[in-house]
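Since this is a predicted model, take the numbers as computed values, not measurements.
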Amino acid sequence: MSGITYVRGDATVPSVKGVKLIAHVCNDIGGWGRGFVLALSRRWPEPEKAYRAWHRDRAHNDFGLGAAQFVQVERHVWVANLIGQRGIRTGSKGVPVRYEAIDAALGRLADQAVALEASVHMPRIGCGLAGGTWSRVEPLVTGRLVSRGVAVTVYDHDG
């Protein structure tokens with residue numbers, strides 16, 4: 001069983017064959033407009049539209065910490081909107097990242113990846129605007145995805 005593959009590049013353009021799931025962390029207040037989501041929105045309008053509709057209708061769906069939404073953007077490419085941060089600002093309760101929510105969402109991501117026979121591609125989720133540390137997130141990715149045989153590539157963007 002291989003571990004996580006680390007590469008330099010853009011997680012929105014994975015260069016492997018087969019079905020690909022591009023995963024990223026979203027907040028729980030409906031905000032979309034900073035960080036990795038800008039790269040996603042430049043390539044496809046669907047993930048943002050789906051996320052905003054999911055948030056808008058949250059009284060009638062599973063939107064909330066730990067939830068995951070899967071949006072097909074190309075024949076073999078899906079985007080996974082993972083709700084893993086509370087709000088968007090660092091404040092008295094610390095940084096927005098919620099590791100237990102990322103862990104729960106990664107479990108849902110793993111189920112989807114196995115069902116689609118997909119590889120997973122992501123930036124260092126939860127470690128940008130959410131304020132998390134990769135040393136806390138990496139074991140979650142390994143435990144939820146790698147342990148189930150899902151190929152995971154983590155992208156460090158140039159620039």
Side-chain angles (χ1 to χ4, degrees), residues 1-28 30 32-55 57-58 61-85 97-130 132 134 136-159:
M1 178 174 64
S2 67
I4 299 168
T5 301
Y6 291 90
V7 298
R8 287 218 165 278
D10 183 349
T12 67
V13 286
S15 60
V16 298
K17 293 193 182 326
V19 180
K20 296 165 274 293
L21 264 165
I22 299 170
H24 70 110
V25 165
C26 302
N27 62 64
D28 67 347
W32 181 291
R34 292 181 60 213
F36 183 69
V37 298
L38 296 177
L40 287 173
S41 291
R42 276 195 293 274
R43 287 187 61 82
W44 307 286
E46 299 90 351
E48 178 179 1
K49 282 184 185 155
Y51 169 79
R52 291 191 186 279
W54 188 30
H55 176 262
D57 198 36
R58 64 192 176 280
N61 63 39
D62 67 343
F63 184 94
L65 287 171
Q69 178 188 53
F70 303 98
V71 183
Q72 190 165 12
V73 293
E74 291 179 15
R75 183 162 174 239
H76 296 294
V77 181
W78 295 71
V79 171
N81 293 331
L82 310 178
I83 309 299
Q85 71 180 74
V97 71
R98 293 295 178 267
Y99 296 109
E100 61 288 342
I102 290 175
D103 189 44
L106 286 171
R108 293 176 175 87
L109 176 64
D111 292 342
Q112 185 78 354
V114 169
L116 293 172
E117 297 181 10
S119 56
V120 171
H121 305 267
M122 64 178 72
R124 293 185 188 237
I125 58 169
C127 298
L129 297 172
W134 188 244
R136 293 273 309 273
V137 176
E138 184 183 45
L140 305 178
V141 172
T142 300
R144 291 293 190 160
L145 295 162
V146 176
S147 69
R148 291 186 61 188
V150 176
V152 177
T153 303
V154 171
Y155 295 75
D156 288 313
H157 200 274
D158 291 324

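At least one side-chain heavy atom of Val13 sits less than 4.5 Å from a side-chain heavy atom of Arg43. By the 4.5 Å heavy-atom criterion applied to side chains, Thr153 and Pro14 are not counted as neighbours. Residues Asp111 and Arg148 have side chains in contact (heavy-atom distance under 4.5 Å, counting atoms from C-beta outward). Residues Trp32 and Asn81 have side chains in contact (heavy-atom distance under 4.5 Å, counting atoms from C-beta outward). At least one side-chain heavy atom of Thr12 sits under 4.5 Å from a side-chain heavy atom of Leu40.
Shown here for Ala67 and Ala105, the closest heavy-atom pair between the two residues is O-CB, 3.7 Å. Nearest approach of Gly35 to Leu129, heavy atoms of both residues: N-CD1, 3.6 Å. In this structure, Ala68 and Leu82 approach most closely via the heavy-atom pair CB-CD2, 3.6 Å. Nearest approach of Cys127 to Val137, heavy atoms of both residues: SG-CG2, 4.1 Å. Shortest non-hydrogen contact noted between Gly30 and Arg52 is O-NH1, 3.5 Å.
For the atom pair Cys26 SG and Gln69 CD, the distance stands at 8.0 Å (nearest 0.5 Å). Distance check, rounded to the nearest 0.5 Å: CD1 of Ile4 to CD of Glu138 gives 4.5 Å. Note: Arg98 CZ to Leu65 CG = 7.5 Å, rounded to the nearest 0.5 Å. Atom CD1 of residue Ile83 and atom CG of residue Asp28 lie 7.5 Å apart, to the nearest 0.5 angstrom. Between Leu109 atom CG and Ile102 atom CD1 the span is 12.0 Å, to the nearest 0.5 Å.
Atom CZ of Arg34 sits in a sparse spot, with 12 or fewer heavy atoms from other residues, nucleotides or ligands closer than 6.0 Å.
At distances below 3.5 Å, not a single donor-acceptor pair connects side-chain atoms of Arg136 with backbone N or O atoms of Tyr99. A donor-acceptor pair is defined here as one N or O able to donate and one able to accept, closer than 3.5 Å; no such pair exists between the side chain of Gln112 and the backbone of Phe70. Checked by atom type and distance alone, the side chain of Arg108 pairs as donor or acceptor with a backbone atom of Gly66 at under 3.5 Å.
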Under 3.5 Å donor-acceptor pairs involving side-chain atoms of residues 116-125, not counting sequence neighbours:
residue, atom, partner, partner atom, Å
Ser119, OG, His121, NE2, 2.8
His121, ND1, Tyr155, OH, 2.8
Arg124, NE, Asp156, OD1, 2.7
Arg124, NH2, Asp156, OD2, 2.9

Only pairs under 3.5 Å count here: list side-chain donor-acceptor contacts from residues 73-80, not counting sequence neighbours, and write none if there are none.
residue, atom, partner, partner atom, Å
Glu74, OE2, Trp44, NE1, 3.1

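Ring orientation note: the planes of Phe36 and His24 are tilted relative to one another, at an angle of 30° to 60°. In this pair, Trp54 and Tyr51 present their aromatic rings perpendicular. The plane angle is above 60°, beyond the 30 to 60° band.
Under the salt bridge (Lys or Arg N to Asp or Glu O under 4.0 Å) criterion, Arg58 pairs with no residue, sequence neighbours left out.
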